[in-house]
Each structure stands twice: as structure tokens, then as C-alpha cells.
Amino acid sequence: MSCLVPVLFPGPWWRPLSYLSPEPLEEGVRVRAPLGHGKAERPKVGFVCPPEEGASIPPGRCKPLLEVVDPRPAIPPDLWHLVAWGARQFGVPGGNLLELLFPRWVLEGEALCPWEEEALEPPGSLEPRCVLRCPDRSRWEEYRRILEEVATPTLLLFPERIQGECFAASLEGEERQFRWVLWPSRPRDQRLLWQEAREGRWDLVIGSQGAATLPLRGLRRVILDDESSEAWRPLRHPRISLRSLVGERCRVRRGAFFLGARVPSSKVFLRASKDPEGRTTPGKRLVFVDLHSLKTVPEEAGVPRSPVSPTLRRRTEEVLRQGGNALWVLDRKGFAGALLCGECGHSWACPACGVPVVWYRREDRLRCPSCGSLQDVPERCPRCGGGWIEARRPGLESLFDEARRFFGARGGGSVEDASLPLHAKERAARRGRLARGGVLLLGTRGALEICDQAPVGLIGWVEADGESLREEHDARFRAYRLLWESCWRGIDADSRIVVVQSRMAGKGWQGGLSRGWSSFWRQELEERRQLRLPPYGVLVQVEAPPEERKRIQAALDEAGASWMEQEGSDVLWIREEQPARVPVLLGRFLPPKRPAQLHPRITLWTD
């Protein structure tokens, strides 16, 4: 006799679909079933789910399954638990969580041997242990001590691959009591390691985001480094923090969960507010420069004024003269971030999305940073016809030209663009040049990874205000974390000079850089408490097309929900204390038959 089986498919599916099966199937088993109607019907792999309470569908309306891929569940129970838990906790479709948790070849139905039963104890409460050390090497020493203390299957996760490689290099050359491996970069090798981890061939896997959901047999411990990093939140939806998913895995498995950081997130700070590390400061290594004090004159028409202060120039020259390396950071690509008519004040923007365009002088084009559309560089203003066009907000191209004039041309050091992608041989050659010293590198915030490869004697933030001016609730913390990372990341960080050029110059939230992260968080959390912002409340970010957004606003008003619209974007912000209500509020906008491009994208911010 046939029975109904709920099947959840990868994709924007909130609920499973019901199919007919000749016999009951275990939860978590993969099956192949027809999806779609008429000519659009295609076989697709899905996962058997527990039946929903109160669900009643006439069997005559259900299609039969095409194939049972797994005779028994082939994935570990802790990973399968995250699908339903994540959907409840974060208000996102369970089908999207399948895409986040499992590799593509698993979702396509490739053969896997059944997951052998494990004797897991009932889940308990999660009590993370904090490893708060400003210098990276100090935290890593503690990680090595933890690993040697008790040998048990462990995931050691870093937000960037380069940091995992550096830690793995520190384990080489000595005999260890555990078998360890570095999460590979090639998909073919990742697939092999995924299988080996299921079979229990490794005791320690060192990796980054891709290794967070690795089915490591017997997993009993996870160490997650730099827990406040934005890298733990995927760029694609669902933007669920991998830190939360890994923590829940540890809770289900009753494993130990270690959170390491240079500066903690708000939730971790509330646990460790009395940690003496919060009073550690960079001292005299931190130099502030007030951008208002710069008195520079353009050298030629159409060239943006120099953003480099005499202090930054002098400090850089001293480091290069002593054979050290320096890094200038500017989070603005192109030659100039804005073009302005000097006669009528007209500014150039993208005609499609209204965002100010960026002038790339190497390409001699204007590019929209949002949609990527291109325009020709104007010769005259379209409004007044004037020919006086000014370049404002200098970018990396402008900074590179200036650095070469001051240092490269004078023989004071070589100047390199750290924002350009390099092949393996080119990266090795650059490491060789950095080992010899006397190199000035220019790049965006991503260039901070160079500190892990070679000593950097100076980091200069050419304009440190950009991140803190964003409209997100945690903008000040993101800016603080970047500057704090500059003080402590990588090799010989405790002797590095950090020059911060800012219009605040050590005032406001930047004062916490001189007093330590404990001072910063106390000031920041007092304001968040008054406004009921995370971690004292939950913010739900909803992205949707304009027409769909209007329908969502009407539904939120009807439900009595508190929301606000972010000006100039497709984003709605909802203040909601109970994340489980999100599917109730927005469920009507995610039915299976609606086009995927109309589905709102939902992100929960709790930190």
C-alpha cells in the first residue's frame, strides 16, 4: 500500500512536497522525484522530511517517486538537524539550507555509502569557550595547546584560507599525536577529503568556510578563529552565519566549541566583558592624522587632490629606508570615485540605478560600481556645457601614480599594486621581494592578508571613515575591527606602525582604538541597548523588487510589524523579536509557483 512521503528540494522551498512511495522511508534519505508540470517537469533529487503536523493531501493529487537514491540516510544526523533548525531559527527556506550545507554532487544524487550509526548523547546546552588574544601567533599557540591536550576529531576553522595555510605550516616538521590535513582548494580534492572525513581517516581538518559543514566522523570539537569576521556570513543567500551553524553542531554532538578573536563580537563580549585582553592597546604604534588638516593643491586640472598626508609619507619613507615593507589601504578602486562639474556642480551617476560612477583612467571609462554599466568619459558637462570637470574622491589608480612619484621614481623603494590578482608563481615571486624588503604595496582591505606572508612595518589607512558611514547597525564595529586587525594581524605585528587618516582622528568610536576593545564595546552597546538593536533585538533584512516590496509592506502593516525602508535601495528592515515569525509574515510571498526572482531575500542580524 502506497504512503505519502514529504520531500524537500534544494532551492527557495519553504516546505516539502508530498509524493507517493510504495513503503515508508527514513528521514534524510535522498530520493529522485518529478518536479514541475507538463513540459517543464524534470526529475530532481530531494530529501525525505518528517511529516508536517496537520498536513492532509489526497493521494490522488500526488505523483509517485521515481527512485530511492539511498536505502538508508547517507548524511550525518547533526548536519541533517541543521536544515530544520536553521529554517526555524533564521526564517529562511529549508531548501536554501540544503544548498548551503551540502556540495553540489551530493545534491545531484551521486552514490554515497550509508552513514554508520553513532552513539550520540542527547543535546545539551552550548557553552563556548573564548580565546581572546590580540596577536595572531598568541592565539595559535593556545590552539596548539588545546589540540595536544586531548586528541579528538576536530575542525579548526579560519575566515581566510591564507591563515589556515600559515597555521598548518606551523604544525609541519614535528611528530603529532593526531592525523591532520589542510582543506584543499581544488574541487576534486575537496570531494576526496569529504569522503575521507566520512570514513574517519582524519583527526584534525584545518580549513575555512568550505570545511565548516564537513561530515567529520566522531566530531567532538570545533575551534573557530576570528569569530567576529564578516567572512563567516556567506555572500550568497541564505546569509546565515556559519558561526551559528557550527555552534549548533557542537551542541547536538555535545562537543567543545572554542571561539577565538582579536576583537570579539557583541555577543562574545557580553560573555567575556571582564577579560583583561580588552584593555590591551597598540600604544604609540597607532598614529592618527586629521584629514581636515591636509592643505594640498592639485598639480594639474582634472587630477584629484592628494589624500596622502605628510605624516604618512614621512613614516612610510622611514620604514622603506630601514628595509621594511609598507602597505597603504584605500577601499576605493579606479582613479576617482566621483566626477563633478566645477561650474554648475553636476555629478555623474549611472542612468540605470542612480549610483555615482567611478572613473577608471586605465580603461578611460566610467563604470557603475553597482550594475557594472560603462560610460564614456565626458569632455563637457551635459547640463551647462562647461569644460571644467573635477575628479573627486581619489581611488587606487590615483594613489598608485602618486606613490610611484614619491618613492619608486626616487629609488626609495618599489611600488606594487596589491589589488591585482596573481597566479601562484607571481605570488611566490612577490613573497621573495617582500622578504628582501623595501616594498610599498597599495590595495583595498583584502590586501591585509599580506601581513600573514611577510613582515609589514607600516599600514596606512588613507581614508578610514568609509566603512563607519554605512547605514548598517554594526557599521562602526566593522570599521573598528578593520583598524584593530591592522594593528595585530600577521608576522611581527607588535612592532608595526598603523597610521589612520580620518576626519575623526581618534575621536568618537575611534577612541576605543587607543583604550582597547572593552572601552569601544561598552560605549557601542549602551547606544544599541537604547535603540533595541542587536544583540538586544533582532533585525530582519528583506530584499525584494519594488512592486513586491510594496505588497510586503502592506502585509507587515496588516500584521502590526515594525518596519522601515532603506532609502535608495530595495531593502526593508523589520524589527522582530521572534525569528520564527518571519515565515508567517512573509510565507505568502514564497509559494512554489511564484518565479524565484520575486522571492524576497531574508537575512537575520542578531549580533
Side-chain angles (χ1 to χ4, degrees), residues 8-17 35-37 49 52 54-55 83-100 230 233-241 244-245 350 352-355 368-371 470-475 528 531-607:
L8 181 65
F9 293 97
W13 297 89
W14 282 94
R15 296 182 177 88
L17 304 180
L35 187 63
H37 298 277
C49 297
E52 293 184 305
V83 177
W85 176 84
R88 291 192 311 270
Q89 188 74 11
F90 300 103
V92 298
N96 285 150
L97 283 161
L98 291 175
E99 295 177 317
L100 179 66
E230 267 299 295
R233 190 179 288 270
L235 294 176
R236 64 184 179 92
H237 286 266
R239 298 199 64 205
I240 295 176
S241 171
S244 300
L245 293 177
C350 174
C353 50
V355 176
C368 173
S370 178
C371 66
R470 296 166 65 97
E471 294 185 0
E472 284 82 358
H473 74 281
D474 60 346
R528 292 197 195 182
L531 298 175
R532 302 304 299 169
L533 293 174
Y536 304 107
V538 178
L539 286 178
V540 184
Q541 180 182 357
V542 181
E543 300 173 66
E547 289 302 318
E548 196 71 2
R549 197 166 63 251
K550 292 179 181 178
R551 298 189 186 96
I552 294 174
Q553 290 171 355
L556 294 174
D557 288 337
E558 182 181 342
S562 173
W563 61 272
M564 62 177 289
E565 191 171 10
Q566 184 170 319
E567 186 177 355
S569 72
D570 294 335
V571 175
L572 290 176
W573 291 95
I574 306 171
R575 193 190 303 272
E576 178 55 60
E577 298 292 338
Q578 301 176 11
R581 282 194 65 205
V582 175
V584 178
L585 293 172
L586 303 176
R588 73 176 73 173
F589 302 99
L590 293 110
K593 294 183 180 180
R594 288 175 68 84
Q597 61 268 25
L598 293 180
H599 288 193
R601 293 182 171 184
I602 302 169
T603 306
L604 260 66
W605 300 92
T606 61
D607 207 346

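Every value quoted in this text rests on a predicted model; they were computed, and no experiment measured them. All residue numbers in this chain count up from 1 along the given sequence. When reading the values below, keep in mind they use all heavy atoms of this one structure, side chains included, and skip hydrogens, waters and symmetry mates.
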Check this for me, if you would: do Arg239 and Glu230 make a salt bridge, where the nitrogen-to-carboxylate-oxygen distance has to be below 4.0 angstrom? yes
Going from CH2 on Trp14 to CG on Asn96, what distance comes out if it is rounded to the nearest 0.5 angstrom? 8.5 Å
Using 0.5 Å steps for rounding, measure from the CG atom of Leu8 to the CG atom of Leu98. 5.0 Å
Nearest-0.5 Å distance, CG of residue Leu245 to CD of residue Gln89: 10.0 Å
Rounding to 0.5 Å, atoms CE (Met564) and CG (Leu539) come to a distance of 9.0 Å
For the CD1 atom of Ile574 and the CG atom of Leu556, what is their distance to the nearest 0.5 Å? 4.5 Å
Under 3.5 Å, side chain of Arg532 to main-chain N/O of Tyr536, donor-acceptor pair present? yes
Is a side-chain donor-acceptor pair under 3.5 Å present for Gln553 with Trp563? no
Determine the minimum heavy-atom distance between Trp605 and Pro534, stating which atoms define it. O-CG, 3.3 Å
For the OG1 atom of Thr603 and the CZ atom of Arg233, what is their distance to the nearest 0.5 Å? 7.0 Å
Near Leu235 CG, under 6.0 Å, is it more than 12 heavy atoms from other residues, nucleotides or ligands? no
Determine the minimum heavy-atom distance between Val83 and Gly94, stating which atoms define it. CG1-O, 3.8 Å
Where is the tightest heavy-atom contact between Phe90 and Leu604, given as atom of each residue plus distance? O-CD1, 3.1 Å
Where Pro93 and Gly11 come nearest, the two heavy atoms and their spacing: CB-O, 4.4 Å
Are Ser241 and Asp607 packed together at the side-chain level, in the sense that at least one heavy-atom pair is separated by less than 4.5 angstrom? no
Taking C-beta and beyond as the side chain, do Asp474 and Arg528 meet within less than 4.5 Å on heavy atoms? yes
